[in-house]
Amino acid sequence: MPANPTPPRRLIAHLDMDAFYASCELLRYPDLRGEPVVIGGGRRHQPEPQPDGTRRYARLADYAGRGVVTTATYAARAFGVHSAMGLMKAAALAPQAVLLPTDFDLYKRCSRAFKAAVAELAPVIEDRGIDEIYIDLTEVPGAQDTIGHDPLGGARALAREIKNNVQRATGLTCSIGVTPNKLLSKLASELDKPDGLTVLTLDEIPTRIWPLPVRKLNGIGPKAGAKLAGLGLETLGQLAQCEPEWLIERFGQSYGAWLHRAAWGRDERPLVTDSEPVSMSRETTFDRDLHAVRDRSQLSAIFTELCRRVAEDLQRKGYVGRTVGIKLRFDDFKIVTRDLTLPANTADFASIRQAAGQCLKRVDLRRRLRLLGVRVGNLHRADLPELPSRRSTRAPARPGRPMPKPAATTMLVAREPGLFDDLPDETAN
DNA sequence: TCTGGGGTCCTAGGACCC
DNA sequence: TCTGGGGTCCTAGGACCC
């Protein structure tokens with residue numbers, strides 16, 4: 001056996017499309033270039049073609065509803081508008097901004113096109129959703145080359161080529177970060193947005209990474225960010241100076257240790273180039289909060305429709321699942337989930353509807369509902385043989401947790417057996 | 001004028017099995 | 001009447017991400 005040669009240093013890129021949905025829209029509405037444009041909301045605000053060949057766009061000021069901003073152009077961001085902001089709030093900041101509905105089919109086409117353009121140059125790609133990917137450049141010819149005095153010149157040149165290829169193929173710009181791992185590349189791709197290219201080595205962590213707020217780190221969200229702030233830790237540099245034991249005491253073994261490693265830019269995770277979906281779901285927020293009894297027929301129709309769409313998604317993509325679940329968001333924003341594991345895989349509408357109905361019976365429905373969702377998990381590809389489950393051959397699942405027994409309003413719930421479950425008119429076909 | 005929709009992963013307790 | 005431990009599955013909730 002020959003001795004193992006030292007493995008080449010890892011060169012990992014993170015590529016993030018700039019204001020992706022909005023940029024896709026600008027490809028077909030070039031007259032909006034440079035304008036504040038916001039993507040979000042339902043289908044009620046399609047641009048209307050005018051007799052003179054121009055288009056009439058909806059303005060944010062005209063919007064009424066519960067939608068949020070999905071993406072905003074940089075011109076709109078200048079007004080303080082950003083993703084996940086309520087559209088009504090965005091309208092207060094930038095009433096004159098153009099509002100476009102989301103068109104996922106368009107974005108999916110652009111997504112496939114940019115990923116294909118990257119794959120021509122670097123085929124090892126981890127999908128991270130519609131608008132971003134990780135790329136392993138380690139083994140790409142030329143990526144490890146020194147150019148002039150720049151030991152990362154080859155990597156830099158390759159990243160530039162990737163950006164050019166994406167631009168040629170889609171007309172869209174992206175930002176790329178190249179570092180020794182995914183965690184740092186994700187941070188690096190943001191440092192020079194839009195149309196950015198940032199190559200970082202480990203020596204640059206103190207100067208380039210440590211000044212950043214902790215929230216920039218992928219894995220520190222609102223909760224952890226607030227807790228860290230409460231401990232006086234605002235930047236990654238401050239986090240890095242903490243003793244691991246001190247962090248573990250406050251954040252638990254796993255997360256505490258990770259926080260420390262992450263602040264030092266340590267991350268050995270490989271790219272995941274083949275992943276199978278774990279679950280598929282459909283959910284909807286109502287225009288107004290609905291009550292299980294008073295709005296029963298409306299809820300029943302929505303519930304059934306969600307089940308139908310999940311079944312359709314599963315069948316179209318060729319998956320079956322064994323766990324059916326529901327999700328409810330009440331008017332106070334509290335979320336409740338229930339699920340039920342079936343004896344066998346299914347992608348069948350009637351089975352999903354039936355199981356989801358069983359789940360619904362275990363929820364106290366006195367509060368009004370804001371959102372309803374249906375999910376199928378435990379997915380397997382439909383064309384693969386079903387693995388025998390030890391569980392499924394045994395006794396039937398024990399009954400779910402009983403519904404809490406409310407006092408005065410019990411009658412309201414109890415006299416509607418099954419609530420909006422199992423209505424023959426909704427489930428007939 | 002509050003706060004979408006589609007996901008993943010983790011934790012934790014109890015059931016159940018060996 | 002008292003004593004195990006390990007492992008997996010199921011369920012519910014929650015954090016986080018795009």
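Chain identifiers are assigned alphabetically (A, B, ...) following the order of the sequence lines, protein sequences preceding nucleic acid strands; residue numbering begins at 1 within each chain. Here the structure is a predicted model, which is why all the values come from computation and not from measurement.
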Checklist line | Strand contacts (DNA chain C) in residues 221-252 of chain A, 4.0 angstrom heavy-atom criterion | finding: A:Gly221, A:Pro222, A:Lys223, A:Ala224
Check: Within this structure, what is the CG-to-P distance between A:Asp364 and C:dG13, rounded to whole angstrom?
Finding: 12 Å
Note to self: Between A:Lys317 and A:Asp331, which residue's closest nucleotide on DNA chain B lies nearer the 5′ terminus?
What the structure shows: A:Asp331
Next item on the list: Salt-bridge test for A:Arg128 and A:Glu126: reply yes if a basic N is under 4.0 Å from a carboxylate O, no otherwise.
Entry: yes
Note to self: Side chains of A:Glu204 and A:Thr201: any donor to acceptor distance under 3.5 Å?
What the structure shows: yes
Item checked: Whether A:Thr341 side chain and A:Thr323 backbone form a donor-acceptor pair below 3.5 Å -> no
Margin query: Regarding A:Leu217, tell me which of base, sugar-phosphate or nothing describes its non-hydrogen contacts under 4.0 Å with the strands shown.
Written below: sugar-phosphate
Checklist line | Within 45° cone of A:Trp246 ring axis and under 6.0 Å: A:Arg250 NZ or CZ | finding: yes
Note to self: Expressed as a whole number of angstroms, how long is the span from A:Arg362:CZ to C:dA12:C1'?
What the structure shows: 10 Å
Next item on the list: Considering only NZ, NE, NH1 and NH2 on the basic side and carboxylate oxygens on the acidic side, decide whether A:Asp332 and A:Lys334 come within less than 4.0 Å.
Entry: no
Next item on the list: From the options C:dT11, C:dC10, B:dG7, select the nucleotide whose nearest atom is closest to the side chain of A:Met280.
Entry: B:dG7
Checklist line | Nearest-nucleotide comparison on DNA chain B, the residue closer to the 5′ end among A:Ala92 and A:Pro277 | finding: A:Ala92
Check: Where the side chain of A:Thr341 is defined as all heavy atoms beyond and including C-beta, which of B:dG4, C:dT11, B:dT1 is the nearest nucleotide?
Finding: C:dT11
Notebook entry, point to check: So which of residues 126-134 of chain A are in contact with DNA chain B, with a heavy-atom cut-off of under 4.0 Å?
Noted result: none
Checklist line | Nucleotide B:dT1, atom C1' - distance to CG of A:Asp287 in whole Å | finding: 16 Å
Notebook entry, point to check: Between B:dT3, C:dG13, B:dT11, which nucleotide gets closest to the side-chain atoms of A:Ser254?
Noted result: B:dT11
Margin query: Under the side chain to side chain contact (heavy atoms under 4.5 Å, CB included) test against A:Glu25, which residue among A:Val37, A:Asp103, A:Thr71 passes?
Written below: A:Asp103
Item checked: A:Tyr74 six-ring centre to A:Arg77 NZ/CZ under 6.0 Å and within 45° of normal -> yes
Next item on the list: Return no unless some side-chain N or O of A:Arg282 is found under 4.0 Å from OP1 or OP2 of B:dG6.
Entry: yes
Check: Hey, mind stepping through A:Lys193 and A:Asp18 against side chain to side chain contact (heavy atoms under 4.5 Å, CB included) and telling me if it holds?
Finding: CA-CA 7 Å; A:Lys193 244 181 178 317; A:Asp18 300 324; 2.6 Å; yes
Notebook entry, point to check: What's the closest nucleotide to the A:Met88 side chain, out of C:dC10, C:dC16, B:dT1?
Noted result: B:dT1
Checklist line | Salt-bridge present (A:Arg10, A:Asp267; N to O < 4.0 Å) | finding: no
Notebook entry, point to check: Residues in ring pair (Phe, Tyr, Trp, His ring centres under 6.0 Å) with A:Tyr29, at least two apart?
Noted result: A:Tyr57
Note to self: Applying a 4.0 Å non-hydrogen cut-off, can you work out what A:Ile220 is touching in the nucleic acid: base, sugar-phosphate, or nothing?
What the structure shows: sugar-phosphate
Check: Has A:Arg375 got a side-chain N or O lying under 4.0 Å from the OP1 or OP2 atom of B:dG7?
Finding: no
Notebook entry, point to check: Any luck finding a side-chain donor-acceptor pair between A:Ser185 and A:Thr179 under 3.5 Å?
Noted result: yes
Checklist line | Whole-angstrom distance between C:dC16 and B:dG4, as gauged at atom C1' | finding: 16 Å
Notebook entry, point to check: Dot-bracket, DNA chain B: Watson-Crick or G-U, under 3.5 angstrom, [ ] crossing, | other strand?
Noted result: ....||||||||||||||
Item checked: Rounded distance (Å) that lies between atom P of C:dC17 and atom NZ of A:Lys182 -> 14 Å
Margin query: How long is the straight-line distance from CG of A:Asp127 back to OH of A:Tyr134, given to the nearest 0.5 Å?
Written below: 12.0 Å
Checklist line | A:Asp195 bridged to A:Lys163 by N-O distance under 4.0 Å | finding: yes
Notebook entry, point to check: Over how many whole Å does the gap from A:Asn378 atom CG to C:dC9 atom C1' extend?
Noted result: 10 Å
Item checked: N/O (side chain, A:Thr285) to phosphate O (OP1/OP2, B:dT3) under 4.0 Å -> no
Note to self: What is the distance, to the nearest angstrom, from the CG atom on A:Leu371 to the P atom on B:dG4?
What the structure shows: 8 Å
Notebook entry, point to check: Any side-chain N or O of A:Ser279 less than 4.0 Å from the OP1 or OP2 oxygen of B:dG7?
Noted result: no
Check: Given B:dG4, C:dC18, B:dC9, which nucleotide is nearest the side-chain atoms of A:Lys186?
Finding: C:dC18
Next item on the list: Using a heavy-atom cut-off of under 4.0 Å over every strand shown, decide if A:Thr102 touches base, sugar-phosphate, or nothing.
Entry: nothing
Next item on the list: Examine B:dG6: is either OP1 or OP2 under 4.0 Å from a nitrogen or oxygen in the side chain of A:Ser281? Give yes or no.
Entry: no
Notebook entry, point to check: Can you check whether A:Arg215 has a side-chain N or O nearer than 4.0 Å to OP1 or OP2 of C:dC16?
Noted result: no
Next item on the list: Sequence neighbours left out, what passes salt bridge (charged side-chain N to carboxylate O under 4.0 Å, His left out) with A:Arg316? Give chain and number order.
Entry: A:Asp313
Item checked: Given C:dG13, B:dG6, C:dC10, the nucleotide with the shortest approach to the side chain of A:Arg322 -> C:dC10
Next item on the list: Could you list by number each residue of residues 11-27 of chain A showing a heavy-atom separation from DNA chain B of less than 4.0 Å, or answer none if no residue does?
Entry: none
Next item on the list: Classify the nucleic acid contact of A:Gly40 as base, sugar-phosphate or nothing, counting any heavy atom under 4.0 Å across all strands shown.
Entry: nothing
Check: Quick one: is A:Thr284 getting a side-chain N or O under 4.0 Å of the B:dG4 phosphate, OP1 or OP2?
Finding: no
Check: Can you check the A:Leu328 CG to B:dG5 C1' distance for me, whole Å?
Finding: 16 Å
Next item on the list: Drop me the distance from A:Ile352's CD1 to A:Leu342's CG, to the nearest 0.5 angstrom.
Entry: 9.0 Å
Note to self: A:Glu283 and salt bridge (Lys or Arg N to Asp or Glu O under 4.0 Å): which single residue from A:Arg329, A:Arg375, A:Arg309, A:Lys327 fits?
What the structure shows: A:Lys327
Check: At under 4.0 Å between heavy atoms, what does A:Val278 touch on the DNA or RNA strands: base, sugar-phosphate, or nothing?
Finding: sugar-phosphate
Note to self: Under 4.0 Å from OP1 or OP2 of C:dA12: is there any side-chain N or O of A:Arg338 that close?
What the structure shows: yes
Check: Hey, does A:Val69 reach any base, or is it just sugar-phosphate, or nothing, if we go heavy atoms under 4.0 Å?
Finding: nothing
Notebook entry, point to check: Roughly how many Å is it from CZ in A:Phe104 to P in B:dG7, rounded to a whole number?
Noted result: 10 Å
Notebook entry, point to check: Taking NZ, NE, NH1 and NH2 as the nitrogens, is one of them in A:Glu305 or A:Arg282 under 4.0 Å from a carboxylate oxygen of the other?
Noted result: no
